[in-house]
Amino acid sequence: MNYDHKKIEKKWQQRWDEQGLFAAKNNDTRKKFYALIEFPYPSGEGLHVGHPRSYTAMDIIARKRRMEGYNVLYPIGFDSFGLPTENYAIKTGRPPAEITKENIANFTRQLKRLGFSFDWERAVTTSDPSYYRWTQWIFLQFYKHGLAYKAKMPINWCPSCKIGLANEEVVNGGCERCGAPVEEREREQWMLAITKYADKLLDGLKEVDYIERAKVQQQHWIGRSEGVNYRQTIKDLNITVEAYDSVPQTFMAQTFAVIAPEHPLVQRMIEGTEYEKPVRAFVERIIKKKRAGKLDLEKEMEGIFTGRYVENPFGTGDLPIWVASFVVADYGTGFVNCSACDERDFAFAKKYNIPLHPVMFPQDPVEAEKIRNLEYCYHHDENGILTEPIEFKGRKWGEIRRDIIKYIEQQGFGYRKVQYKLRDWVFSRQRYWGEPIPLVYCDACVAWVPIPEDQLPLELPKVEKYQPTDTGESPLAAMHDWVQTTCPKCGGPARRETDTMPNWAGSSWYFLRYCDPKNKKEFASKKALQYWTPVDWYNGGMEHTVLHLLYSRFWNQFLYDIGVVPTREPYTKRTSHGLIMAEDGEKMSKSRGNVVNPDAVVEQVGADTLRLYEMFMGPFDQAVPWSTDGIMGVRRFVEKVWRLFHEITESQNHRIILGRLLHKTVKKVTEDIEAMKYNTAISAMMIFVNEAHATGLSKEQAEAFLKILAPFAPHIAEELWEQLGHAESISREPWPTFDSALCVDEEIELVIQVNGRVRDRLRVAADIPEADAKAQALEREKVKPWIAGKKIEKVVFVQGRLVNIVVT
RNA sequence: GCCGGAGUGGCGAAAUAGGUAGCACGCGCGAGACUUAAAAUCUCGUGACCGCAAGGUCGUGCGGGUUCGAUUCCCGCCUCCGGCACCA
């Protein structure tokens, strides 16, 4: 019988579908397991070979868990709002909803062909009104709790996409999607106050099991630092200005201050003075450069004196205020006190001949002299010795942080302050294809009024044109009939918000909807959430670590705080897969023409082979290049399995050997799956099959092997399982167990070393006594020449491994 | 610059509570068997150098160190990938 992957795979996919085999049950006494992958964006290009890497990995986990007796939820859905579809709509004039429907149909077909054990009955689509009704509802909860607010602020504006971008969407000063240089623009934007959750998001990381890289990246992104804000006054103007300092140990070294070019105080400081003209010119030039994204590239720092001084709260003289290019406007106060103990400050002062006053020195007197002479900048050294203030003279920089902050507070110089790099989330988009923001502005109430919850969803109206307007408003703004409405509160005239939500919105809570996807009264019932959440294991790409992962944690924590979800953290465990590169080692991309189409692969070699290959190609968390030859090797393995079950008959005399190997294989596969070491798990199964070809195998052995193969290659496993005479799906079988005693060899190869070099090997019982092993080793013919005439210092014995004779 | 991760055969990679590196597995390549032939399949070989061979020497990015023994641990570098990037 020939192995016909097309026939077999189709047959089982249909059967699984008909039987609803992978539908998760909400009311169940079994222990639950919630496996999650990042749902795809249904692009016109169809599935990418990168998708199955993550999906197969979690499918293997999900299938194994079912066999281990868990009630498994492994859902799928579509993150269908977003730019590519809208851009395609602009180009073709076709409604995005229509395009999306087609793309989803195509993705569904492609995903089903790969045999994933998704619960298709729970599939959600973020652009479906029955779904985004609840996205809007959650937004209103944010609004009602004061965490959604409108602010006029400079946003990252992409002139090509005509859209405002979140900080996270700006890559190297360019638009993440189209690469065009990003400009700054003032706009009224809806913001989500994620910074209010900075500490909670940080704390939550302690209680979750995430891949270390992801934790570190999130911590970095949140960027918490603890320091002091100095209270000080600009001389002659009587303006109070604070300066943030995260390294206050060396505050006595401060000799000047800098302010960001964008800072509103700059204008007030120079108004009507001789500095007004040059400073204004400087500021304009720098801001222009910054907007063009050209400032970061050249590391050169520039500045200009404002003619003003800030009163030094420490009484060591007034600090001249400079406008400096390197000051970040929206971090801290945008105003910084500078000293010899910071590299940038030091370089800046040197460039403009501003006096410096070091107060920390190395213990080495020669080096200390160099610091006194300002030869280089000395900073952040745990062992640096302070000279000022007098109360801290002689103490080490690394030991005085707490004390000095206390001192600064006691003296009234400033107060303790925590800063974050995290900024609030720019939540509105001037686009059509997103969730409408369910608020209306009422002139009479002078406020944004929420649409009553029972009137949700606020559906996206059909428009004629999908182009953003020239003013940068969304196409919805041109729909006057839609925009003009009445205020739900006072009944007076009102106008709708025409901005929509970013596509991070729908994906920030989809894992909750999966728990109860058809619910019409709530976003998910308490009971369903209680049972399923948190997600036990979430696998996804590293590229989503500071975007989707952080945002969805934020939403979940907020929903927890208002009492509508049962757990603080949404995901217990987070792992990440490596990228699949093209055969040439480059990133796969349409423009390079090196994209591998999964449809063609499945057609040619079958879904089981593709799944196995993607798991076998290399370590799961590492980037690996695609290899057409490599996939043929895996195909050969699949065919070998097929032949094993059709051609090889049992041969009694080798059953013992194979039995041991089977136990070892079951152990290896069982453990490797948990550690996501799929490549070595498959290699172990290959070894087993190679051996079984030589020795034959019994029915029980064949069955056990099929069970461990099933999560990887479910179609062929089902088919062979059926051929062995079983009527029930193999996915209903219990996961095989192994006998630890049978996983160790009785006989081993003992290595004999002389001075650490292998000179001989011999087969001995695994539990050979130390004395016997040593005695035998010394008597070996191959060993004798190496020890003859030499003094034996000692003989090292490692149980089950080696004897090492040390001679001199 | 800072923070992660990684450097091992012709290639993807195995092996790290220190213990046979690469006869884990797979690909590729070479030879052979089967075949009229090809494909498929099966068998054997495949790090470098020396040697007819037995065998030996060198080899896990580079330089040191600890150890009977280091791909694994420590110190100092180099290169590549990912992230952050004037955050005071």
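Legend: ring pair (Phe, Tyr, Trp, His ring centres under 6.0 Å) pairs involving residues 662-684 of chain A, not counting sequence neighbours, sorted by first then second residue: A:F620-A:Y678.
Taking atom P on both nucleotides, B:rC68 is separated from B:rC78 by 32 Å, rounded to a whole Å. Rounded to whole Å, the separation between the C1' atoms of B:rC80 and B:rC29 comes to 28 Å. Comparing B:rA21 with B:rC58, their C1' atoms are spaced 14 Å from each other, to the whole Å. Between B:rC84 and B:rU60, the distance separating the two C1' atoms is 32 Å to the nearest Å. Atom name P, nucleotides B:rU20 and B:rG69: the rounded distance is 15 Å, in whole Å. The same atom, P, is picked in B:rA6 and in B:rU72; the two are 13 Å apart, to the nearest Å. Rounded to a whole angstrom, the distance from the C1' atom of B:rC49 to that of B:rG59 is 10 Å.
For A:F616 and B:rC11, the CZ to P distance is 17 Å, given to the nearest whole Å.
Nucleic acid contact class of A:S225 (heavy atoms, under 4.0 Å, all strands): sugar-phosphate only. The residue A:N804 sits close to a base: some heavy atom pair falls under 4.0 Å. Within 4.0 Å (heavy atoms only), A:V795 reaches no atom of the nucleic acid at all. A:E749 comes within contact range of at least one nucleobase, with a heavy-atom separation under 4.0 Å. Across all strands, A:Q753 comes closer than 4.0 Å to base atoms (heavy-atom distances). Among the protein residues, A:S246 comes within range of the sugar-phosphate backbone only, with heavy atoms under 4.0 Å from sugar or phosphate atoms but none that close to a base.
Syn is the conformation of B:rG9, whose glycosidic angle sits no further than 90° from 0.
Residue A:H5 is tested with A:R635, A:E639, A:Q604 for a side chain to side chain donor-acceptor pair (under 3.5 Å); the sole match is A:R635. Considering A:D672, A:T665, A:T670 as possible partners of A:K668, the one that fulfils the side chain to side chain donor-acceptor pair (under 3.5 Å) test is A:D672.
Between A:T680 and B:rA24 there is no side-chain N or O to OP1 or OP2 distance below 4.0 Å.
The shortest side-chain heavy-atom distance between A:L205 and A:Y210 falls under the 4.5 Å cut-off.
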With B for base contact, S for sugar-phosphate-only contact and - for none (protein heavy atoms under 4.0 Å), nucleotides 40-55 of chain B reads -SS------------S
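A:K417 has no carboxylate O lying under 4.0 Å from a charged side-chain N of A:E242, or vice versa, which leaves the two without a salt bridge.
When only modelled atom types and interatomic distance are considered, A:Y230 and A:N312 share no side-chain donor-acceptor pair under 3.5 Å.
Scanning atom types as modelled, one donor and one acceptor separated by under 3.5 angstrom connect the side chain of A:S683 and the base of B:rA24.
When both distances must be under 3.5 Å, the Watson-Crick or G-U wobble mate of B:rC80 is B:rG5.
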